[in-house]
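Only one structure is covered here, and it is reproduced in the block below.
In what follows, residues are counted from 1 in the order of the sequence shown. Just so you know, ligand 1 is whichever comes first in the structure, and atom 1 is the first atom listed for that ligand.
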Amino acid sequence: MGGGLPLVKYWAEKTLSPKGPQIWKTLMHKSACLSCAWGTGGQKGGFVNELEEPLQRCMKSVEAIAAELQPGLAPHFFDQSNLSELQHLTSMEADHLGRLSFPVIHRAGSDRYERIGWDEIYQIAETAFKQPAERVASYSSGRSSNEAAYLLQLMIRAMGSNNLADCSDLCHAPSSVSLKTVFGTGTSLVSLESLQQADGVVLIGSNAPANHPRLMNELIKLRDRGGTVIVINPMREVGLLKFGSPAFPLSSLMQGSEISSLFLQPIPGSDLALFMGIQKALLENDWVTFDFLKAHTDNWQAVIDQVTQTAWETITTTCGVSQEEIETAAQMIQRCQGVVFAWAMGITQQANSVDNIFAIANTALMRGNVGKPGAGMMPIRGHSNVQGFGSMGVTVRLKEEIRQALEKLLGRSLKREPGYDARALIEAADAGKVDSLLCLGGNLYAANPDLTQAKRSLGNIDTIIYLATKPNLGHFHGLARKNTIIIPVYARFENPHKTTTESGNNFVRLNDEGKTHLKDGDLISEIEFLTELAHRIHGDTPIDWRKLQDTRYVRQLIAKTIPGYEKIGEIDDTKEEFTISGRIFLEPKFPTPSGKAQMQLTPLPALTLPTLQDFGLESSTSGLVLALMTGRSYSQHNTVVYKEGDRYRKMPHRHCILMNPMDAEQVGFVEHQRVSVRGNAGQMDEIEIIYGDVRSGAGLMFYPEANVLMKARIESRSGTPAYKRVPVAVFA
Ligand SMILES: Nc1nc2c(c(=O)[nH]1)N[C@H]1C(S)=C(S)[C@@H](COP(=O)(O)OP(=O)(O)OC[C@H]3O[C@@H](n4cnc5c(=O)[nH]c(N)nc54)[C@H](O)[C@@H]3O)O[C@H]1N2
Ligand SMILES: Nc1nc2c(c(=O)[nH]1)N[C@H]1C(S)=C(S)[C@@H](COP(=O)(O)OP(=O)(O)OC[C@H]3O[C@@H](n4cnc5c(=O)[nH]c(N)nc54)[C@H](O)[C@@H]3O)O[C@H]1N2
Ligand code: SF4
Ligand SMILES: [Mo]
């Protein structure tokens, strides 16, 4: 069971610790949870969701707050620690150093970071970002506010650059691309309210018990009202079978609530075939609602023909799930009045991710499960404000209407050529095409595949400026050629001004001002730094950047230029949090040129794996090749590890590979044996085998450590790496 007693114990431990009162205070602060994009918290108080339902904070929220409440780094920390020492730290050790509390610089040739004053920071930054526009770039991670995101893109675009790489490029970009193609909108079509009216959920490639715990409450409630949950995941995640939530104390203290009505375990990367199978079963049983297809979709006939022409055997051998199980899933979907299709990284971090989502959309449309209450397409977003970053224009795929509004604002035309996304940025830097990089949060180094390349690429950039709350591996390994500056910023609940964030359910929250516990620190707000830098680069016309230090004025610009965000202009007075207009679809009319959903053909993936010899190993080597899924443990937030082990998967530390026992024993391995794992970019040795309920042929390891292994394949339309099907050789 996921959640449950360990969870309650963790709550108690954390909140009764000496830091407890501070954690409680922060939990009660009127601001959105830092952790995931489910988006709990805000003006209604720390513990409610947007429907004012109580007890909506989870232990992930506590974990994230506790990490930001660490003491600051000691003033002489960097004088006493040289880089080679810092480069030996693990992710967890780096995070546990404490909060960044004064600005530092690493200069070429030095063996350490040293303190730097603000005047010099601005001088270096100003010179760096006055380089030719195509040679400057930014990268961002979705923890910062809408206001910071908006200012970042405005400043970079005003330079004439579109190089606005973002963590979403490594995450849900395929969802934005495919939803836009099919429905003319890039975000979830479902609100929380609408989810609560569904009687079916298909949860695909998501470990929600760990990464979006409050979504589990919705699944428990759905099961309680007699609804159906179909889970699709090559790994039988324990919390997807049963989950205990503190919002349901009885079930949590007893056995936990049953989550999945049906659990399907496809081969990693094969979900598209599974969904074509469900479509085939719907078709063969006469369950397709043709009236809906005719009235509300284009291209439906071609999609139906494609399904007819695809043989069952091709489908079942591609996905490794039996026809019988697929038919059961189709029947369950057919019996529901309204089904929400929700997905996360198991779907998006694939070489055919965009097609994957097309296949989910086709399935939903065949039963008319989009454009009505209680049904629809729901990407489960990552970082707490990652979706806000996209809305604010931090994207390489800027909406035409935003471009026009920004052009009016800036009084000049903006560049049309697309900029670098996260992968393109690394490739461009590797080729020596980038001089200056501003990182608004995140860990560009460790989030990327092929850490050797990431390090080399960042080392080709003259100046890198990191704005961050806590030290991470990127600060120590992602060093620029000349100057690397780390600027300590306030966390969301510490900012001296109000900010806003957008949840994955398209709900905008208002975050109150706060105070930091770092009394002797020399920190700055992201807004202050960005506006001051923009002022120095761009002057004060046509934009008075310094005036924008009052975030109320930023919100007014957002209201004028970002579609659906009109209400943000008055939020300071009304305090009214709101759902962005034009995002939730309760009728099957979509913002495409014809008003209909554009169904897409979905070619089946060819899922072959290389041989041991392809990895340069002798054929006599004892070992096997697996499709490795790399993702998060139960106690980490992205590249930041909070705790070494993963108790739910019984992995005691980070250097484990979870395997199917039959796979292991077939080649003579035993549990806890140490093996080597080799990908096409690198090798990890002394990796402990842990047995788990993962489907045969697949394995699971944790990122960021596993990112040394692969040069990931990149999906061409979204730019997102295939982190979830990495061919690796496992050998003794
Ligand atoms: N506590 C916590 N919360 C977080 C985060 C965190 O690190 N920690 N990160 C945030 C961010 S940025 C994101 S993007 C989300 C990530 O949330 P998730 O997407 O849930 O995270 P992952 O660990 O990447 O796990 C994805 C799941 O996909 C499954 N999977 C892998 N391959 C396949 C496949 O081929 N098909 C299917 N159907 N499933 C597959 C894996 O078994 C795993 O259960 O969480 C957000 N929330
Ligand atoms: N192999 C593999 N690789 C992956 C993934 C995977 O599943 N497998 N997942 C991918 C995904 S989905 C994502 S989203 C990326 C994550 O990539 P990133 O978003 O780049 O990385 P994070 O680890 O979330 O960044 C953490 C850092 O953000 C800083 N930070 C925290 N809060 C704030 C704030 O309020 N302001 C500022 N300025 N800084 C702050 C802290 O210093 C912290 O160390 O990784 C990707 N990489
Ligand atoms: S589900 Fe996500 S947003 Fe809600 S409390 Fe947990 S981590 Fe925070
Ligand atoms: Mo993400």
Next item on the list: Please name the residue in the list Gln636, Met701, Lys643 that meets the side-chain contact (heavy atoms from CB on, under 4.5 Å) test with Arg654.
Entry: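 In the set Gln636, Met701, Lys643, the residue that makes a side-chain contact (heavy atoms from CB on, under 4.5 Å) with Arg654 is Gln636.
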Could you list the atoms of ligand 2 found under 4.0 angstrom from a heavy atom of [X]?
X	result
Lys724	6 (C), 7 (O)
Ser144	36 (N)
Met345	12 (S)
Met710	1 (N)
Leu467	37 (C), 38 (N), 39 (N)
Glu526	34 (C), 36 (N), 37 (C), 38 (N)
Val489	36 (N), 37 (C), 38 (N)
Asn443	18 (P), 20 (O), 21 (O), 25 (O)

Notebook entry, point to check: Checking only N/O/S atoms, does Cys33 have one that is under 2.8 Å from atom 8 (Fe) of ligand 3?
Noted result: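 Yes, Cys33 qualifies, because one of its backbone or side-chain N, O or S atoms lies under 2.8 Å.
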What atoms of ligand 3 come closer than 4.0 angstrom to any heavy atom of [X]?
X	value
Cys58	5 (S), 6 (Fe), 7 (S)
Ser35	7 (S)
Pro213	1 (S)

Between ligand 2 and [X], is the shortest N or O to N or O distance under 3.5 Å?
X	value
Gly442	yes
Tyr139	yes
Thr630	yes
Ala491	no
Tyr490	no

Item checked: ligand 2 versus Thr639: contacting region, heavy-atom distance under 4.0 Å ->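 For Thr639, backbone and side-chain atoms both sit under 4.0 Å from ligand 2.
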Checklist line | Location of contacts on Arg632 toward ligand 2, heavy atoms closer than 4.0 Å | finding: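 Side chain only.
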For [atom], find the nearest protein heavy atom and state the residue, atom name and distance (0.1 Å precision).
atom	result
atom 17 (O) of ligand 2	Ala447 CB, 3.3 Å
atom 42 (O) of ligand 2	Lys470 O, 2.7 Å
atom 4 (Fe) of ligand 3	Thr40 OG1, 2.3 Å
atom 26 (C) of ligand 2	Val640 CG2, 3.9 Å
atom 45 (O) of ligand 2	Tyr703 OH, 2.8 Å
atom 2 (Fe) of ligand 3	Cys36 SG, 2.3 Å
atom 39 (N) of ligand 2	Gly441 CA, 3.3 Å
atom 10 (C) of ligand 2	Gln349 NE2, 3.4 Å

Note to self: Among Lys30, Lys498, Arg492, which residue satisfies the salt bridge (Lys or Arg N to Asp or Glu O under 4.0 Å) criterion with Glu513?
What the structure shows: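 Running salt bridge (Lys or Arg N to Asp or Glu O under 4.0 Å) over Lys30, Lys498, Arg492 with Glu513 returns exactly one hit, Lys498.
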Using a distance-only test with no angle check, is there a side-chain donor-acceptor pair under 3.5 angstrom linking [X] and [Y]?
X	Y	answer
Glu528	Ser525	no
Glu502	Ser391	yes
His383	Ser141	yes
Ser384	Trp38	no

Check: Out of Arg492, His637, Arg99, His383, who gets a non-hydrogen atom closest to atom 24 (O) of ligand 2?
Finding: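 When every heavy atom of Arg492, His637, Arg99, His383 is considered, His383 comes closest to atom 24 (O) of ligand 2.
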Notebook entry, point to check: Can you tell which of Asp166, Thr469, Asn448 gets a heavy atom nearest to atom 31 (C) of ligand 2?
Noted result: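 Minimum heavy-atom distance to atom 31 (C) of ligand 2 goes to Thr469.
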Checklist line | Salt-bridge contact Lys515-Glu494 (side-chain N to carboxylate O under 4.0 Å) | finding: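 Here Lys515 does not pair with Glu494 in a salt bridge, since their nearest N and O are not under 4.0 Å apart.
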Checklist line | For the student: nearest non-hydrogen atoms of Asn385 and Thr500, plus distance | finding: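 The pair with the smallest heavy-atom distance is ND2-O, 4.3 Å.
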Margin query: Let's go through Trp118 and Asp522 carefully: what are the C-alpha distance in whole Å and the side-chain angles of both, what is the deciding distance for side-chain hydrogen bond (donor to acceptor under 3.5 Å, both in side chains) to 0.1 Å, and is it a yes or a no?
Written below: CA-CA 10 Å; Trp118 292 101; Asp522 185 13; 3.0 Å; yes
Check: Can any side-chain N or O of Asn443 pair as donor or acceptor with the backbone N or O of Gly474 at less than 3.5 Å?
Finding: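 Yes, because the side chain of Asn443 sits within donor-acceptor range (under 3.5 Å) of the backbone of Gly474.
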Item checked: Tyr122/Phe529 aromatic ring centres below 6.0 Å ->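 Yes; Phe529 has its ring centre under 6.0 Å from that of Tyr122.
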Margin query: If you apply the rule side-chain hydrogen bond (donor to acceptor under 3.5 Å, both in side chains), what do you find for Thr499 with Asn511, and how did you get there?
Written below: CA-CA 5 Å; Thr499 59; Asn511 307 306; 3.1 Å; yes
Checklist line | Under 2.8 Å: N/O/S of Ser61 next to atom 4 (Fe) of ligand 3 | finding: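 Given the 2.8 Å cut-off, Ser61 does not count as a ligand of atom 4 (Fe) of ligand 3.
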Notebook entry, point to check: Angle class for the Tyr648/Tyr634 ring planes (parallel below 30°, perpendicular above 60°, tilted otherwise)?
Noted result: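 Tilted: the ring planes of Tyr648 and Tyr634 meet at 30° to 60°.
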Next item on the list: With side chain to side chain contact (heavy atoms under 4.5 Å, CB included) as the test, would you mind laying out the steps for Ile380 and Asn211 before giving the verdict?
Entry: CA-CA 10 Å; Ile380 313 168; Asn211 299 321; over 6 Å; no
Check: Run the side-chain hydrogen bond (donor to acceptor under 3.5 Å, both in side chains) check on Ser191 and Asn505 step by step: do they pass?
Finding: CA-CA 5 Å; Ser191 63; Asn505 303 323; over 6 Å; no
Note to self: For a side-chain hydrogen bond (donor to acceptor under 3.5 Å, both in side chains) check, start with the C-alpha distance between Ser140 and Asp166, then their side-chain angles and the critical distance, and finish with the verdict.
What the structure shows: CA-CA 5 Å; Ser140 47; Asp166 185 69; 2.6 Å; yes
Next item on the list: Please indicate whether Glu427 has more than 12 foreign heavy atoms, meaning atoms of other residues, nucleotides or ligands, lying under 6.0 Å from its CD.
Entry: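 For Glu427, atom CD is crowded (more than 12 foreign heavy atoms under 6.0 Å).
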